[in-house]
Structures are given as C-alpha cells and as structure tokens.
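Worksheet for the structure shown next.
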Amino acid sequence: MIRQAWRERSIRGLFFLAAATSIIILLLIMLFLFGEGLPLFRAYGLWDFLAGQFWAPTAEPPRFGLLPLLLGSLWVTFGALLLAVPLGLGAAIYIAELAPAGLRELLKALVEVLAAIPSVVYGFFALVIIVPWVKASFHLPIGKTALSASLVLGVMALPTIVSLAEDALTGVPRGFREAALALGATKWQTIWRVTVPAALSGISTAVILGAGRAIGETMTVLMVSGMAPIIPHSFLQPVRPLTATIAAEVGEAVWGSPHYHALFALGIVLFLLSLGINLLAEWLTSRYRGVKV
Amino acid sequence: MGKRLLCSILLGLLFLGLQAGARSPAELKLEGSTTVLPIAGRAAELFQALYPEIWVTIKGGGSSVGIAALINGTTDIANASRAMKPAELAKLPTAVEHAIAKDGIAIVVHPSNPIEGLTLEQIAEIYTDPSIRNWRELGGPDLPIVVVSRDTTSGTYGSFIELVIEPVKGKGAQLRPDIIYVGSNAEAVATVEGAEGAIGYIGLGYLKESLRPLPVSKGGGPYILPTARAVLSGSYPISRDLYMYTDGVPDPREPRGLWLDFIYSRTGQCVVLEQGFVAFYPIDLAVCEALFSALGSEFIKR
C-alpha cells in the first residue's frame, strides 16, 4: 500500500517537473533578456529609445531609435495579413463547408506542407522570384520592399490561419447549420450569417496567431525587406523589421557595449509583442469556448 | 554568436592524430579579423601539408579581439584588417607588424550607368546625405539612386567607413537611413546587378563583368580604377593593408617564423590571390596551380 502511494507520488512529481521545466526555461529567458536589455537605459534615455526615429548603432554618438524597426515589423505584418486573411479565410470556409470529403483531407494536408517549408527557402524563393517581379511591376529602382516581405510573410502565415480557422468552423455545432437551412437560408446565407459569426472568436484567434507568425519571422525578412531603417510610409519602400535587425547585428556587437544591450532591448520589445499576441489569442479562445456550449 | 562559432575553425587535428605520436606537436594559434580569416584558413590547410607536426588553430572574432588576445598572451598571432592603435601598442610595445596582403574596396554601379567616376567626397555624400536622390545631381543620368551597403557587422563595412566616410565626414558620421543593407559580398553583387540606379561597394576579389567599378579620385587627384596594380602602388584611394601581429620578432625556425615565411612565400601569396585579395608581388596563376597541386590541393580561380 505504502509503496504504491510512494510510487504514485513520485510519478506525479516527475510529471510536475516536466511541466515546471518549460516554465523555468521561460523565466530564465525572461530574466536573461531583461538583465541584458535594461542596462541600455543606464546610458541611453528610455524615451530616446521608444520614440527615437533613427537606428544608427555605429554612429558616434550611437542612436538606438526603436520606431523605424517597430513600425517596419508592424507594417510588413499588416501587409501580410491583408493578403493572408481573405485568402486564408476563403480557404478555410471552402475546406470546412464546401469541399467534398476526399478533397478536404488532401487540401488540409497540402496547407500543412506550406508550414513545413524552411523560412530560408521562402526567403530564397522571394529573392529570386518576388523581388524582381515587384521591381518590374511597380517600376521601382529596387524590388527589396515592404511589399515583397509582406507577400512572402502572407504565404507563411497562411497555414496557421487556414488550419485554425478551419478548426473553428468545423467546431460550429451541426444544429446551427441545419436550423438555418431548415429556415430556408441558402448555403451562402448559412455560411455568411450563421457559421462564420458563430466561429468568429476562433477565426480571430487564427488571424492573431497568423500575425504572430509573421511578426516573429526573421530569415525571410532579412533577405527581402531591404533592411533600410526608415519609418515606413508606403509598401513600395524598404523597411528593417525588429527580428532581422537583431539577426543582422548580433554577430559582432561588442559584448557589454550599448549596442549589445540595445539589441536585447529590441528582444524585450519583441517578447512583449509576442506575449501580447498570445494573451489576446488565449482570451479570444476562452470566449469561443463559451459560445460553443 | 553563430558567426563567431562558424569562424572558429579547428584545422589539422586528424593529420596530427596519426603522425605526431612520437614527437610532441608544436602549437600555433591565430585569432582576429574575419577579413583575414579566409586567407589564414586556406593557408593553414596548405601549411599543414608542409609541416604536419605543427598544430594550427584559427579563430575569428574581429581585429580588436585578436589584438586583445595577443596582448593577453592567449594567441601566437593576431590577424587584423587595421594597424594596431597607439593605446593597444602601449599595452604591448613589443608587438611586431607583418603586412601580409593588400585589400581594396571597389565602388560599383550597374553596367548601364554612364557616370564617369566619383570623388571620395561625393561617395561620402551619397552615403550620408539623404537629400541626394538622383544620379543627375552627380552629373549622371536621370535615375533614382539606390544606395547599397554591407551590414554593420561586416569587415568590409568597417573599412569602407574608415577609408571613405571618416576621412570626409569625420569620425562617427551617421549614414543615411534609407540604405539597403545586404549580408554578404555576393548579395551586394546581386543587388547592384539587379538595380539600374544602384551604387555599392565590394572587396576587390568580388568584381565581376556584370558590375561596373568606378574610377575614384581623392583630394582633386586623378580618377583611378580599382585594379590590383593601383591597390598595390597605393594610388587607388580606397585600399588598406591586412596584418598579422606577433609579440616580438619570431625566430625563423619556430612555428610563428615558419608560418610567416610561408605566408610571404609564393604559395602563401597565391592563397591571398585565391581568396580575392591583392598579393604583394605579381604571380602567374599557372605558377599558383603548380604550387598548390604539389601540396595536394587545387588552386581555385574565380
């Protein structure tokens, strides 16, 4: 008896340890991120960082303005959503509501394949195909623009949006559809007035996590965004997103220098952004569960 | 971080494991500039074939890191793409400078751009003043300018700043914000090739027919094309020496002396050529091929 209880408890402890590990790792990462990022503000004003319009880490004195990088990230993400939301939602509705069963499974599998392509391959593809195409189509001096980055990021965000939105749509109880059809609604009316609104919080979660995928992407934007640290005014100009800036500069920023701390401060901003996105998605999902009952 | 890891290469371990059983192997440590790294790495491969009993390790990290390691006594040779600063020399007065190769930075434009040449001052203006938007303002065609630069972590970026921006604009000048940044010499080439209005800079070894190198003038002097000869004579304004530093003059029989003799030999200078830099004396490429194959390797022409 006692032996069995002990065994129960030790197994319980083991699983608790497994669950705790990820939390401990998260805490350690946060501790490290803040520990390395916050020292920037001993030498450099917080406001100069948050509202600074120039990113010139090697100038004398250096300037670590967050605005061009943050806006660059948000701008390409916004552009990506403009492409991925209508396309992803359309695909999800087709897969969940309209496609015949065999085609549905095939489509779902193919969309998942999009997620399996490494980002450097996306970047290379964009560099060779999309960048010259954007340059020629818009008669630009150079094709490395926010638009090129947005187009690839949109495709990369598709699998997230399609599979989550499709799950949300499939989760809408059959009774909803049957009731609508019984009332004489057409298929289109049922989808647009009943199914989609019922799945709306799940769909919003899909869009938000898709945005999270786009904002955290590094390699692709490093290759095609042009990396010019200017505050974006249009999609036809180059931008320098947060992630790509860290990747490009961390290699030789002197350890312990203001530049080094500034890159970690960018990391903090990125961390808070992703945290916000995930909390929002979590909140929406919990609301969605309420609707489903 | 990843870069530094990549740059730290361990060479020749296998060779030695087999052959040095009886003798205790001598060690030779090099550390420093990532610009010099490809020369040192390739030279070590060939050096190892000549002197299997010497154990060569090479690390990157940058010129400052290498020089600091020499001062701290943790490396035998510091690779540097710049001369030691007076403050560094004060910490190690016995440091000896060995210039091992010449490096030149070519200013390149799209081949369709008819502009004849630029002065150092004009280049510095183009890279710092965002109000310059069209080649017309520099006496060229009516074409928007696309300014291309290497990332701030690159050694070529460092020398471009030191050799072009600082002499004109002073130390710490801020580059214009709308520069297109690229991650490698090859990417710089691809970007300038693909944009009619582009201007960029690359190491001399990366020049291709698809790009037009511009003649450059300094201080009202003549316009000089970036050729190996002009870099060697110092008449081309954007050029520099690459160095290996030792603590004291090395004895020619010890590993450091053998290494430096090898670098100055024809084989060593062929490595310099092969890696895209300028050798100190003219060598025929056929000679390089013969020398390399004698050491069981192949000279790669670009």
Side-chain angles (χ1 to χ4, degrees), chain A residues 52-63 65 67-69 72 120 123-124 127-128 131-136 139-145 219 221-233 236-240 244-255 257 259-260 263, chain B residues 1-7 33-34 60-65 68 110 128 130 133-135 143-155 157-158 160-162 165-166 169-184 187 190-200:
Chain A
Q53 300 191 13
F54 295 100
W55 180 262
T58 52
E60 198 63 51
R63 303 180 77 168
L67 274 187
L69 313 181
V120 67
F124 189 64
L127 201 59
V128 176
V131 167
W133 176 78
V134 166
K135 175 178 185 287
H139 304 289
L140 298 175
I142 187 152
K144 291 185 175 184
T145 57
M219 194 63 212
V221 286
L222 180 64
M223 291 169 84
V224 301
S225 67
M227 297 296 281
I230 34 179
I231 293 174
H233 299 288
L236 299 181
Q237 66 182 42
V239 290
R240 188 181 185 92
T245 305
I246 299 176
E249 294 178 15
V250 79
E252 282 174 46
V254 180
W255 192 86
S257 67
H259 185 193
Y260 174 85
L263 292 178
Chain B
M1 187 192 80
K3 203 173 208 173
R4 196 165 295 177
L5 271 177
L6 274 177
C7 291
S33 165
T34 51
S63 303
S64 305
V65 173
H110 194 270
T128 52
R133 294 178 166 277
N134 198 300
W135 281 103
L143 196 68
I145 287 191
V146 176
V147 185
V148 181
S149 168
R150 291 289 305 281
D151 263 323
T152 50
T153 53
S154 117
Y157 170 87
F160 178 77
I161 296 290
E162 273 167 46
I165 305 295
E166 282 181 359
K169 290 283 169 183
K171 232 179 152 48
Q174 187 177 334
L175 296 191
R176 63 195 284 174
D178 59 347
I179 289 177
I180 303 288
Y181 286 93
V182 295
S184 64
E187 208 190 326
T191 307
V192 176
E193 267 174 4
E196 293 76 17
I199 179 169

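Chain letters run A, B, ... following the sequence lines, proteins first and then strands; every chain starts at 1.
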Counting heavy-atom pairs under 4.5 Å with chain A, the top scorer among B:Ala190, B:Ala195, B:Pro177 is B:Pro177
To the closest 0.5 Å, what do you measure between CD (B:Glu162) and NZ (B:Lys171)?
7.0 Å
Distance (rounded to the nearest 0.5 Å) between A:Leu127 CG and A:Leu222 CG
10.5 Å
Donor-acceptor check, side chain of A:Gln237 to backbone of A:Ile231, threshold 3.5 angstrom: yes or no?
yes
Specify which of B:Leu143, B:Ile161, B:Val146 makes the most heavy-atom pairs with chain A at under 4.5 Å.
B:Val146
Only counting residues at least two apart or in another chain, list the ones meeting side chain to side chain contact (heavy atoms under 4.5 Å, CB included) with B:Lys169.
B:Ala124, B:Glu125, B:Thr128, B:Ile165, B:Ala173
Check whether B:Val182 gets within reach of chain A through its side chain, its backbone, both or neither, counting any heavy atom under 4.5 Å.
side chain
How long is the span from the CG atom in A:Leu236 to the CG atom in A:Leu140, to the nearest 0.5 Å?
5.0 Å
Interface moiety of B:Asp151 toward chain A, non-hydrogen atoms closer than 4.5 Å
side chain
Which residue out of A:Pro57, A:Pro132, A:Gly226 racks up the most heavy-atom pairs below 4.5 Å with chain B?
A:Gly226
With sequence neighbours left out, what residues match A:Thr145 under side-chain hydrogen bond (donor to acceptor under 3.5 Å, both in side chains)?
A:Ser148
Side chain from CB out, backbone as N, CA, C, O: work out which of these in B:Ile179 comes under 4.5 Å of a heavy atom of chain A, or both, or neither.
backbone
When A:Pro238, A:Pro68, A:Ala228 are compared by non-hydrogen pairs under 4.5 Å with chain B, the top option:
A:Ala228
